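Read through the structure below, which is laid out as structure tokens, and then see the notes.
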Amino acid sequence: MIEEVRKQRAKEVEELRLLGINPYPYRFEKKHDTKMIHESYDFLQPGQVLENEKVITAGRVMTIRLHGKSCFFTIRDFNGRIQAYIRQEEVSEQKYELFKKYVAPGDFVGIIGFPFKSKTGELTIYVKEFQLLSKSRRPLPEKWHGLKDKEVAYRQRYVDMIANDSTLERFKIRYKAISFIREFLIKRGFVEVETPILNFIPGGGAAKPFVTKLEALDCDMYLRIAPELHLKRYIVGGFEKVFELGKNFRNEGISYKHSPEFTSIEVYQAYADYHDMMELTETLISDLVLHLHGSYKVTYQGTELDFTPPWKRLKMREFIKEKLGVDILEDKEQVLERALKDRGVELDTNTRARMIEKLWDLVEDQVIQPTFLMDHPVEISPLAKRHREDPRLTERFEPIIFGMEMGNAFSELNDPDDQLERFKAQLKLRDAGDEEAHRMDLDFIRALEYGLPPTGGLGIGIDRLIMLLTDSPSIRDVIAFPLVTQSDDDDAFEGSAAE
RNA sequence: GGGCCGUUAGCUCAGCAGGUAGAGCACCUGACUCUUAAUCAGGGGGUCGCAGGUUCGAAUCCUGCACGGCCCA
């Protein structure tokens with residue numbers, strides 16, 4: 001039982017204190033990480049020893065192989081693993097006994113020693129001194145199979161990261177990607193800005209918001225569903241290139257590609273249109289893929305995705321017509337509804353906008369390779385500028401990859417009269433029962449009346465992008481601490497608070 | 001919200017024509033000075049997800065619930 005291990009470890013901690021050894025000391029001057037050590041000494045030949053080199057490193061003990069008066073153990077740090085070797089005759093009998101008795105898998109230790117390569121050719125640190133840095137009190141998951149239980153992996157991600165190197169690696173890639181995106185945009189002259197998460201009017205997208213309460217003013221507020229409308233206010237105010245990377249909240253279903261709390265990046269550029277945004281998207285993502293994989297090609301769930309620019313362009317109207325035989329611009333609503341009913345799709349609200357969205361949903365999974373889905377009808381694009389060639393359409397695109405919407409972009413609507421009309425049309429959809437329809441935001445109209453320059457805007461769903469980059473089948477695999485329902489967590493409290 | 005599958009030791013998993021629970025790793029004790037899933041000997045550890053029901057008897061069959069996974073809405 002786990003209590004047995006915890007009691008044993010607690011006993012060891014007490015014994016260490018009696019010996020005058022702090023099981024939780026304050027610091028250790030770590031000089032070398034495992035990667036540096038490998039880079040410096042992997043050249044050694046089996047049996048070769050560099051007695052005059054000094055290596056000072058630290059990490060978590062993962063495995064111990066004890067052989068009486070000597071012992072091999074492996075430590076892991078953020079960058080990898082390194083084997084260490086400790087011998088009674090080197091560190092003194094007293095110190096060796098201390099190691100044998102009180103250092104266990106899971107503990108953090110600091111070691112000082114010199115590098116050598118074992119007979120079997122593994123680079124190893126010959127320990128001259130060691131220091132216990134933190135005692136672990138719980139048993140680690142199995143060293144060979146790792147942790148497979150997804151529930152534990154989601155609820156106790158730290159255990160998942162300890163037990164599965166691939167998990168740690170996945171999150172390293174996530175943050176490497178995010179940092180690349182920031183640098184890319186900053187190099188292009190964009191300024192990283194912030195907008196409110198607490199909103200009186202949740203805008204910038206079609207979604208149900210989370211409601212919360214502002215005690216000070218005794219009123220309801222909403223968590224943002226998108227930063228879009230505030231970012232455009234920056235452009236009105238005089239910023240010309242801005243972006244914001246952060247969390248959005250949507251009170252909707254949870255699925256392999258939906259999380260109620262997700263990360264997006266939104267980018268706005270004055271004097272640009274959606275063609276410029278397409279170039280930006282294509283370059284940003286393909287450069288990112290190249291940066292991480294050394295190639296424009298990525299295998300996702302067994303399918304090769306080719307990010308080599310330029311990506312395919314697909315017009316929404318033409319694609320739906322080709323696949324389903326209906327014209328989302330010309331056909332009457334009865335025709336669109338018939339097409340949906342024939343394919344077993346039920347409509348929750350009977351609006352033309354909803355029909356078009358549902359028709360697209362039917363064909364979305366046929367788009368696998370990186371593609372720009374372009375020129376959406378005006379009914380489903382309340383914040384996008386009308387198409388310069390056809391006012392029934394907008395200058396909008398969504399990057400679609402592996403059947404997933406990876407983002408959304410437009411030539412931003414900057415005509416205040418048209419924006420007001422669009423908001424009014426959205427209110428009608430709300431009245432028709434569409435809870436996701438956009439709300440009226442009169443301050444945003446006022447901002448547009450002061451003047452928004454021609455602007456291109458782009459949003460990208462970061463989590464979905466990371467899914468593709470890490471070959472993860474579910475959005476939960478790329479969110480370190482995903483939403484899980486609360487449970488009576490006996491294991492966490494048992495013994496801890498009571499004792 | 002609906003359907004299917006799952007939940008047994010800390011971890012990975014066996015056990016299921018109903019007869020009182022097992023392995024490997026981990027843990028504890030001992031042996032062992034180049035191992036690497038180290039090895040060898042011994043030992044401890046389980047309200048078999050929860051609650052009911054059927055039965056002389058339930059990890060095993062039935063019902064409900066919780067949590068998780070996958071698919072659909």
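Fair warning: this is a prediction, and the values are worked out from it, not measured in the lab. A note on names: the letters A, B, ... follow the listed sequences, proteins ahead of strands, and every chain is numbered from 1.
Using a 4.0 Å cut-off between charged side-chain N and carboxylate O, Lys247(A) and Glu261(A) make a salt bridge.
Both tests hold for Arg476(A) against Tyr154(A): distance to the six-membered ring centre under 6.0 Å, angle to the ring axis within 45°. Because its NZ or CZ atom is not both nearer than 6.0 Å to the ring centre of Phe307(A) and within 45° of the ring axis, Lys297(A) does not count as a cation-pi partner of that residue.
Here rC48(B) sits opposite no nucleotide as a Watson-Crick or G-U wobble pair (both hydrogen-bonding atom distances under 3.5 Å). Applying the Watson-Crick and G-U wobble criteria (two distances, each under 3.5 Å), rC56(B) pairs with rG19(B). Partner assigned to rA38(B) is none, using Watson-Crick or G-U wobble distances below 3.5 angstrom. In this structure, rC4(B) and rG69(B) make a Watson-Crick or G-U wobble pair, each of the two defining distances being under 3.5 angstrom. With a 3.5 Å ceiling on both atom-pair distances, the Watson-Crick or G-U wobble partner of rC11(B) is rG24(B).
Judged by distance alone with a 3.5 Å cut-off, a donor-acceptor contact links the side chain of Glu4(A) to the base of rG44(B).
Comparing Glu12(A) and Pro139(A) along RNA chain B, the residue whose closest nucleotide (by nearest heavy atom) sits nearer the 5' end is Pro139(A). Residue whose closest nucleotide on RNA chain B sits further toward the 5' end, between Phe72(A) and Leu147(A): Leu147(A).
Taking atom CD1 of residue Ile125(A) and atom P of nucleotide rU35(B), one finds them 18 Å apart after rounding to whole Å. Rounded to an integer number of Å, the gap from CD1 of Ile64(A) to C1' of rU39(B) is 16 Å. At whole-Å resolution of the value, OH in Tyr158(A) and C1' in rG10(B) are 13 Å apart. Regarding Glu97(A), its CD atom lies at a distance of 14 Å from the C1' atom of rU33(B), rounded to whole Å. In this entry the distance linking CZ of Arg6(A) with C1' of rA9(B) reads 16 Å, nearest Å. In this entry the distance linking CG of Leu66(A) with P of rA41(B) reads 17 Å, nearest Å. We find that OH of Tyr85(A) is positioned 5 Å from P of rC34(B), with the value rounded to whole Å. Taking atom CG of Leu140(A) as the reference point, atom P of rU12(B) lies 13 Å away to the nearest angstrom.
Within 4.0 Å of Glu122(A), counting heavy atoms only, lies at least one base atom of the nucleic acid. Gly47(A) comes within contact range of no nucleotide atom at all, as no heavy-atom separation falls under 4.0 Å. Arg9(A) comes within 4.0 angstrom of sugar-phosphate atoms only, judged by non-hydrogen atoms across all strands, and of no base. Among the atoms of the strands shown, base atoms are found under 4.0 Å from some heavy atom of Gln83(A). Contact annotation for Lys119(A): base contact, defined as any heavy-atom pair under 4.0 Å involving a base atom. Heavy atoms of Tyr96(A) sit nowhere under 4.0 angstrom from any nucleic acid atom. Among the heavy atoms of the strands, none lies under 4.0 Å from Glu90(A).
With sequence neighbours excluded, the residues forming a side-chain contact (heavy atoms from CB on, under 4.5 Å) with Phe78(A) are Lys172(A), listed by chain and number.
Using C1' as the reference atom, rG45(B) and rC50(B) are 23 Å apart when rounded to the nearest Å. Nucleotides rG15(B) and rG53(B) place their C1' atoms 24 Å apart, quoted to the nearest Å. When the C1' atom is compared between rU8(B) and rG2(B), the two are found 29 Å apart, to the nearest whole Å. Only the P atoms considered, rC61(B) is 8 Å distant from rG18(B), to the nearest whole Å. Distance check on atom C1': rA38(B) versus rU60(B) gives 39 Å, rounded to whole Å. Taking atom P on both nucleotides, rG43(B) is separated from rU47(B) by 22 Å, rounded to a whole Å. Atom C1' of rC62(B) sits at a distance of 11 Å from the matching atom of rA58(B), rounded to the whole Å. Of the P atoms belonging to rA23(B) and rA14(B), the separation is 16 Å, rounded to the nearest Å.
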If you look only at distance, which donor and acceptor atoms sit under 3.5 Å apart when one is on a side chain in residues 401-410 of chain A and the other is two or more places apart or in another chain?
{"unit_1": "Asn408(A)", "atom_1": "OD1", "unit_2": "Arg396(A)", "atom_2": "NE", "d": "2.9"}
{"unit_1": "Asn408(A)", "atom_1": "OD1", "unit_2": "Arg396(A)", "atom_2": "NH2", "d": "3.3"}

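The phosphate of rC11(B) (OP1 or OP2) has no side-chain N or O of Lys148(A) nearer than 4.0 angstrom. Contact between the side-chain N/O atoms of Arg65(A) and the OP1/OP2 oxygens of rA38(B) is found at a separation under 4.0 Å.
Closest to the Gln8(A) side chain, of the nucleotides rG24(B), rA38(B), rC28(B), is rC28(B). Distances from the side chain of Lys69(A) to the nucleotides rA37(B), rU33(B), rA38(B) place rU33(B) closest.
For Phe130(A) and Phe99(A), the distance between ring centers is under 6.0 angstrom. If you look at Phe73(A) and Tyr85(A), their ring centroids are not closer than 6.0 Å.
Although no hydrogens or angles enter the test, the distance criterion places no donor-acceptor pair under 3.5 Å between the side chain of Lys312(A) and the main chain of Leu373(A).
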Contact letters for nucleotides 68-73 of chain B, in which S counts primed atoms plus P, OP1 and OP2 and B counts the base, heavy atoms under 4.0 Å: SS----
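Side-chain atoms of Gln8(A) and Arg137(A) form no donor-acceptor pair, as typed in the model, at a separation below 3.5 Å.
Ring orientation note: the planes of Phe116(A) and Tyr126(A) are nearly perpendicular, at an angle over 60° on the 30°/60° scale.
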